[in-house]
Student: 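First, the structure itself, so that you have it in front of you.
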2 protein chains.
Amino acid sequence: MKAAKSARAAVETGTAGASSRERILQEAERVFGANGFDGAAMRQVAEAAGVPVALVSYHFGSKEGLYRAVFERRVPTVVEQRLAGLAIAMSEADLDRRLELVVKALVFPMLHLRAHDRDPSFGRVLAHETMDPSSEQRGFIRDMFDPVARAVVEALASALPGRTEEDIWWAYEFMLGAMVYVMGDAGRIERLSGGLCRPDDEEGAVRHMVAFLTAGVRHGAPPPATKSRRPLKSNKPKGGETDATGDVSKGRRQTEGRRAR
Amino acid sequence: MKAAKSARAAVETGTAGASSRERILQEAERVFGANGFDGAAMRQVAEAAGVPVALVSYHFGSKEGLYRAVFERRVPTVVEQRLAGLAIAMSEADLDRRLELVVKALVFPMLHLRAHDRDPSFGRVLAHETMDPSSEQRGFIRDMFDPVARAVVEALASALPGRTEEDIWWAYEFMLGAMVYVMGDAGRIERLSGGLCRPDDEEGAVRHMVAFLTAGVRHGAPPPATKSRRPLKSNKPKGGETDATGDVSKGRRQTEGRRAR
DNA sequence: GTATCTTGATCGTTCGTTCAATCAAGATTA
DNA sequence: TAATCTTGATTGAACGAACGATCAAGATAC
């Protein structure tokens with residue numbers, strides 16, 4: 001056997017047996033999912049996998065290399081399933097049914113992943129990375145998901161003739177947001193709903209999400225833009241106490257290099 | 001003047017003039033927004049505010065104290081505006097119009113904040129914290145937003161008699177996800193849509209989001225649950241290459257303490 | 001004069017990474 | 001068959017850098 005003494009921790013987490021590299025990957029997914037990229041420590045991953053830290057660097061080069069490997073292990077499957085679902089949807093002539101199939105092709109592979117995996121860690125990794133501003137500079141999401149995103153939007157547009165491209169893109173963003181939020185959930189949904197909504201219940205999550213998102217994009221055509229629209233409620237801050245909208249400088253540089261790592 | 005030499009960086013970022021404490025808070029919001037809690041360094045905040053690191057600890061006690069202060073400066077305004085919007089909505093007898101007002105009461109204060117602030121940093125802070133699994137253990141989101149969340153769901157239910165509580169909660173989660181995603185966006189939406197969708201365009205974002213989410217909850221009643229539902233697409237992994245669903249141990253402990261900080 | 005704010009320096013810790021040495025097997029040679 | 005070489009995997013130890021936190025001394029305000 002390759003890793004003789006191997007992992008005390010890995011035994012507890014059920015990742016024994018596998019090769020060191022695979023064991024590191026599995027534990028990395030869990031640690032990144034629980035703490036995010038910056039909050040995770042390579043020593044944490046190594047200890048969980050029952051290997052010395054140096055072995056992690058040996059296999060994956062760097063922390064970012066390990067992070068990337070976690071994505072490359074999961075994403076292709078999701079993308080393939082989405083594309084397959086889109087192909088099926090496009091072969092549907094009835095546009096109403098096609099629309100629902102497109103939405104399902106978008107959300108199903110993700111929720112299926114969350115529900116059927118060892119644990120929901122990768123969903124959290126993905127959600128974390130999606131909401132991380134430095135995600136754009138790493139480019140994982142862009143490189144891996146942008147193509148299928150465009151394909152989804154095209155499919156949505158085909159099922160909704162007459163709707164503007166802007167409408168479709170907005171709708172896509174809302175769909176993505178809802179999905180990512182559920183994927184990354186760490187218990188808030190279940191706590192708030194008193195156990196009524198469980199993100200790990202694949203059937204229920206898919207059923208509700210597909211229905212909601214399909215209805216949103218189908219019946220959610222926004223009213224035309226108005227140049228001067230009366231504000232619907234007063235925005236004047238009531239108490240000066242917590243208000244801090246100095247609004248000193250409007251044009252502010254968007255990005256700031258994160259600290260050296 | 002209090003801070004005599006003061007900030008070279010603060011001048012660039014337009015936060016001069018203000019008191020040291022306020023300047024630290026403003027820069028903290030920006031740094032946390034750009035890097036997340038773990039990715040941000042107190043030295044980074046201090047340098048940007050033009051003060052020594054020790055002064056940050058003096059004013060806010062710890063890094064988490066500073067983080068909390070960033071939330072406490074912004075959240076109450078949003079919560080108050082939401083509650084005010086909900087009150088207005090509940091006074092509307094027409095349930096269709098009430099529903100739209102409730103949705104608007106939920107999303108408007110947030111998008112308004114993003115669009116009218118110095119920069120969209122707080123939205124990113126919020127999105128990051130929302131998607132951070134350790135968020136639950138910090139409890140900011142829970143303590144600050146749970147009450148108003150329940151109020152929103154009650155208002156939604158009042159406008160949708162006959163719908164199950166489960167439906168409403170799911171819909172609420174999808175709304176929240178869509179909103180958080182747009183709030184935390186770091187440019188992906190605009191890039192993907194080719195500039196068609198700009199999260200900073202408050203009017204457009206609110207108009208599209210309210211329309212989509214209102215339609216989603218109104219017309220998105222899911223079909224009844226079926227015990228045995230034929231799968232709509234094959235889930236068998238095609239290539240074993242990237243597949244790694246060992247599925248060794250199902251019951252896995254959900255949480256793992258993050259490393260000491 | 002007292003209290004609050006501000007400063008520079010420094011503490012102990014943990015981080016990601018690096019390095020030379022060791023081990024386990026095959027493949028190659030005699 | 002026995003000895004040698006080769007290659008990739010693994011290990012423990014250590015490096016320099018950056019981290020959050022702390023403290024005593026100084027400056028400022030009232």
Side-chain angles (χ1 to χ4, degrees), chain A residues 1-10 15-25 27-28 31-32 34-70 134 138 256-261, chain B residues 1-10 15-25 27-28 31-32 34-70 134 138 256-261:
Chain A
M1 180 178 290
K2 289 196 176 172
K5 98 173 187 183
S6 191
R8 310 165 298 279
T15 59
S19 72
S20 291
R21 198 189 133 96
E22 192 64 21
R23 214 157 0 102
I24 292 171
L25 264 180
E27 297 300 329
V31 173
F32 280 133
N35 306 112
F37 180 80
D38 290 305
M42 300 196 70
R43 286 176 162 82
Q44 217 178 340
V45 175
E47 192 186 4
V51 300
V53 243
L55 191 58
V56 183
S57 291
Y58 169 77
H59 278 300
F60 303 97
S62 65
K63 187 181 183 182
E64 182 157 333
L66 174 63
Y67 195 54
R68 173 179 286 272
V70 167
S134 43
R138 270 191 289 269
E256 159 161 309
R258 59 179 9 194
R259 72 173 196 256
R261 228 180 284 280
Chain B
M1 178 178 290
K2 287 193 177 175
K5 97 174 187 184
S6 190
R8 312 166 297 278
T15 59
S19 73
S20 290
R21 199 189 132 94
E22 191 63 22
R23 213 156 1 103
I24 292 170
L25 264 180
E27 297 300 329
V31 173
F32 279 132
N35 306 111
F37 180 80
D38 289 306
M42 301 196 68
R43 287 177 160 83
Q44 218 178 341
V45 175
E47 193 186 3
V51 299
V53 245
L55 192 57
V56 183
S57 292
Y58 169 78
H59 277 301
F60 302 97
S62 65
K63 187 183 183 181
E64 182 157 333
L66 173 63
Y67 195 53
R68 174 178 285 272
V70 167
S134 44
R138 270 191 290 269
E256 160 159 307
R258 60 179 9 193
R259 72 172 196 255
R261 229 183 284 279

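To find a chain, count down the sequence lines: A is the first, B the second, and so on, and within it residues start at 1.
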Student: For B:Glu47 and D:dC19, give me the distance from atom CD to atom P, rounded to whole Å.
Tutor: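 My rounded result for the distance is 10 Å.
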Student: Mind calculating the distance between NZ (B:Lys63) and C1' (C:dC15) to the nearest angstrom?
Tutor: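 Whole-Å distance recorded here is 13 Å.
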Student: Consider the side chain of A:Leu55, meaning its heavy atoms from C-beta on, and name the nucleotide among D:dT11, C:dG16, D:dC19 that approaches it most closely.
Tutor: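 Selected nucleotide (nearest to the side chain): D:dT11.
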Student: Which pair of non-hydrogen atoms, one from A:Val45 and one from A:Glu27, has the smallest distance, and what is that distance?
Tutor: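 Scanning both residues completely, I find the closest heavy atoms to be O-CB, 4.1 Å.
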Student: Rounding to a whole Å, what distance do you find between B:Arg43:CZ and D:dA21:P?
Tutor: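 Taking CZ of B:Arg43 and P of D:dA21, I get 11 Å after rounding.
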Student: Separation of A:Ile24 atom CD1 from D:dT10 atom C1', in whole Å?
Tutor: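 Going from CD1 in A:Ile24 over to C1' in D:dT10 covers 10 Å.
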Student: Whole angstrom is fine here: how far is it from CG in A:Leu66 over to P in C:dT17?
Tutor: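 The distance from CG of A:Leu66 to P of C:dT17 comes to 10 Å, rounded to the nearest Å.
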Student: Taking any heavy-atom pair under 4.0 Å as a contact, classify A:Arg21: base, sugar-phosphate, or nothing.
Tutor: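 If one applies the 4.0 Å heavy-atom cut-off, A:Arg21 turns out to touch nothing in the nucleic acid.
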Student: So, for B:Leu55 and B:Ser20, which heavy atoms are closest and what is the spacing to 0.1 Å?
Tutor: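 Closest approach of B:Leu55 to B:Ser20, heavy atoms only: CD2-CB, 4.0 Å.
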Student: A:Phe60 versus A:Arg21: any side-chain heavy-atom pair under 4.5 Å?
Tutor: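 Side chain of A:Phe60 against side chain of A:Arg21, heavy atoms only: contact under 4.5 Å found.
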Student: Find the distance B:Phe60:CZ to C:dC5:P and express it as a whole number of Å.
Tutor: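 The distance from CZ of B:Phe60 to P of C:dC5 comes to 11 Å, rounded to the nearest Å.
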Student: What's the closest nucleotide to the B:Ala54 side chain, out of D:dG20, C:dT7, C:dT17?
Tutor: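 My answer, after comparing the listed nucleotides, is C:dT7.
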Student: Report yes if at least one side-chain N or O of B:Ser20 is closer than 4.0 Å to OP1 or OP2 of C:dT6; otherwise report no.
Tutor: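 True: B:Ser20 side-chain N/O within range (under 4.0 Å) of C:dT6 OP1/OP2.
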Student: Between B:Ser57 and A:Val53, who's closer to the 5' end of DNA chain D by nearest nucleotide?
Tutor: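 Its nucleotide being nearer the 5' end, the pick is A:Val53.
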Student: Would you say D:dT10 has OP1 or OP2 under 4.0 Å from some side-chain N or O of A:His59?
Tutor: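 For D:dT10, OP1 or OP2 has a side-chain N or O of A:His59 closer than 4.0 Å.
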Student: If the cut-off is 4.0 Å, is A:Tyr58 near the phosphate of D:dT10, judged by side-chain N/O to OP1 or OP2?
Tutor: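 For D:dT10, OP1/OP2 do not have a side-chain N/O of A:Tyr58 under 4.0 Å.
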Student: Find out whether the Lys NZ or Arg CZ of B:Arg138 is both under 6.0 angstrom from the six-membered ring centre of B:Tyr67 and within 45° of the ring's axis.
Tutor: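 Negative - B:Arg138 is either too far from the ring of B:Tyr67 or too far off its axis.
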